There are 2 protein chains.
Amino acid sequence: MTAQDISLLGFALLGLVQQKPVSGYDLRKIFTSTPMGTFSDSPGAIYPALERLEKRGLIRSVIEEGSGLRRRRLFHLTPAGTVALKQWLQKPITRGDVARRINEILLRFAFSDRVLGNAGAIALLQDLQQELVAYIPTLKVSVRQQADVMPLSGALALISGIKQYESLLAWTRLAIATYQQRQSPRKRAKKGPAAS
Amino acid sequence: MTAQDISLLGFALLGLVQQKPVSGYDLRKIFTSTPMGTFSDSPGAIYPALERLEKRGLIRSVIEEGSGLRRRRLFHLTPAGTVALKQWLQKPITRGDVARRINEILLRFAFSDRVLGNAGAIALLQDLQQELVAYIPTLKVSVRQQADVMPLSGALALISGIKQYESLLAWTRLAIATYQQRQSPRKRAKKGPAAS
DNA sequence: CGATACATGTAAGAAGTTACATGATTGT
DNA sequence: ACAATCATGTAACTTCTTACATGTATCG
């Protein structure tokens, strides 16, 4: 009965609500102003999705008291919501995830250290790294096999995909190193990872 | 009346049908066996999408004669379909495309040299390059601004996005160079681009 | 007083997902 | 005869998109 039929947008909402109680409006702002917007940024998707999550008991809402502004409905995660979120975060990473649902993996990673701790985040990265190492060579083979039956731009588009995966693989190494440094900080560097 | 309400899957089909007449089954095989599968690979999406395209007069089908196998319905592009495809391929690339619809851009590129010629493919690459050059710095700024209000994994996920864009930018340079080399081939190199 | 930002929603329609149905042909 | 592959489709369901509706509070 732990029905996992929650959309990506639903999980994105679950993960954000977990970080701290927020309103639908707050959530929408996050979606419109960050790359998370790929999971939809329209009220016509967000409010119904929140309703569904509440109906399933994964989040609860309370109308914010006091203030003078229009009523804000603040959502927070329930224990059942935490369980669902953890289950999603801990699902093993498959070939299909890497081939077709790479944003879902990145979304899961984005929430993983708050929910599962550093160890959980590192585990996900290592899983991903392993799948990438296995997957990339198969992509290269298929480009070589198909390059002559498609237009040059088709072949180049495939190559762009390969390069994106290679860049992601390089990033997993950076990210793992960042976490390891955080856990054994010989010299404390005050700030996080560099943006380039 | 040139209603542009065609889904991404629809355009993917249009582009493939343009290359040579194919059946729904052929198309499905392409989707299940290549990264194009991100645009859906289920018969429940493909057959209805083909039907819609045919109703709009963008493709036509004929039942393949002869043979002995079950009837195959072969689709080919109509002149109206060519027009619609060209219009889509030539749409200017916007910030929003780069931020949220990068697969659509790559899909467009994949078809552009067959439909628009080398010059069209190069134009698209240059457009994309220009948008990337403008967009990437804004992403870096927003990471720096937000990095302290989000978990480390959140910040790292954003950085992974930046790195993907940087890798795409590097690829545009490779792709442009490949086309320029093709147009002025001092020494003919027989084969296409290297897969790594 | 009008514009803007805050804040939540709904309705109609398009398009995808999963699962099933159907049928022909080929190989064992 | 049976399984596998070729080949096309349909039905139920879910969810997203676009566009609209509603209402409060603040600022100039």
Side-chain angles (χ1 to χ4, degrees), chain A residues 3-14 17 21-33 36-56 58-59 61-75 96-97 100-101 103-104, chain B residues 3-14 17 21-33 36-56 58-59 61-75 96-97 100-101 103-104:
Chain A
Q4 239 13 20
D5 49 357
I6 298 173
S7 69
L8 262 197
L9 175 59
F11 281 117
L13 293 169
L14 228 42
V17 165
V22 280
S23 68
Y25 193 77
D26 294 334
L27 290 164
R28 216 197 141 196
K29 270 193 302 188
I30 294 171
F31 287 111
T32 51
S33 67
M36 297 246 305
T38 44
F39 306 108
S40 189
D41 60 346
S42 77
I46 292 171
Y47 287 102
L50 286 168
E51 222 173 282
R52 289 194 295 274
L53 292 174
E54 189 162 23
K55 250 180 220 154
R56 289 177 202 199
L58 306 179
I59 59 177
S61 66
V62 284
I63 307 287
E64 200 183 29
E65 355 114 32
S67 71
L69 286 166
R70 192 182 172 182
R71 90 258 171 205
R72 272 159 52 88
R73 183 182 285 269
L74 278 185
F75 292 92
D97 292 329
R100 299 232 205 285
R101 285 177 295 275
N103 340 271
E104 178 170 358
Chain B
Q4 240 12 22
D5 49 356
I6 299 172
S7 69
L8 262 195
L9 175 60
F11 281 117
L13 293 169
L14 228 42
V17 166
V22 279
S23 67
Y25 192 77
D26 294 334
L27 290 163
R28 216 196 142 198
K29 269 192 301 187
I30 293 171
F31 287 110
T32 51
S33 68
M36 296 247 303
T38 44
F39 305 107
S40 190
D41 60 345
S42 78
I46 291 171
Y47 288 103
L50 287 168
E51 224 173 279
R52 289 194 297 273
L53 292 173
E54 190 162 24
K55 251 180 220 153
R56 291 178 201 197
L58 306 179
I59 59 177
S61 65
V62 284
I63 307 288
E64 200 183 30
E65 356 114 33
S67 72
L69 284 167
R70 192 183 172 183
R71 91 258 169 207
R72 271 159 53 88
R73 181 183 285 268
L74 278 186
F75 292 92
D97 292 330
R100 302 233 204 283
R101 287 177 293 276
N103 340 273
E104 177 170 359

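The figures here come from the full heavy-atom set of this structure, side chains too, leaving out hydrogens, waters and symmetry mates. Just so you know, these numbers come straight off a predicted model, no measurement behind them. Below, chains carry the letters A, B, ... as their sequence lines are ordered, and counting in each starts from 1.
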Heavy-atom closest contact (G44(B) atom, P48(B) atom, distance): O-CG, 3.2 Å
Spacing of Y47(A) atom OH relative to dT8(C) atom P, expressed in whole Å: 4 Å
Interatomic distance, I63(B) CD1 vs dG9(D) P [rounded to whole Å]: 7 Å
Side-chain donor/acceptor of R28(B) to backbone N/O of D41(B), under 3.5 Å: yes
Nearest-angstrom distance from the residue atom CG of D41(A) to C1' of dT17(D): 10 Å
Length of the CZ-P vector between R72(B) and dT25(C), whole Å: 14 Å
Polar side-chain atom of R72(B) near backbone of I63(B) as donor-acceptor pair, under 3.5 Å: no
DNA chain D contacts among residues 21-31 of chain A, heavy-atom distance under 4.0 Å: none
Check against side chain to side chain contact (heavy atoms under 4.5 Å, CB included), L27(B) and V17(B): CA-CA 8 Å; L27(B) 290 163; V17(B) 166; 4.3 Å; yes
Could you write out each protein N or O paired with an N or O of nucleotides 13-16 of chain D at a distance under 3.5 Å?
| residue | atom | partner | partner atom | Å |
| --- | --- | --- | --- | --- |
| dT15(D) | OP2 | R52(A) | NE | 3.4 |
| dC16(D) | OP1 | S7(A) | OG | 3.1 |
| dC16(D) | OP2 | R52(A) | NH2 | 3.0 |

Within-4.5 Å side-chain heavy-atom neighbours: D5(B) and R56(B): yes
Any side-chain heavy-atom pair of L50(B) and R73(B) under 4.5 Å: no
Atom-to-atom span, NZ of K55(B) to P of dA15(C) - whole angstrom: 11 Å
d(CZ, F75(A); C1', dG9(C)) in whole Å: 11 Å
L9(B) versus A49(B), closest heavy-atom pair with distance: CD2-CB, 4.1 Å
Under 4.0 angstrom between R73(A) side-chain N/O and dG9(C) OP1 or OP2: yes
Any side-chain heavy-atom pair of R101(B) and L8(B) under 4.5 Å: no
Whole-Å distance separating the CD atom of E64(B) from the C1' atom of dA24(C): 14 Å
L13(B) side chain reached by F39(B) side chain, heavy atoms, under 4.5 Å: no
Atom-to-atom span, CD of E51(B) to C1' of dA14(C) - whole angstrom: 15 Å
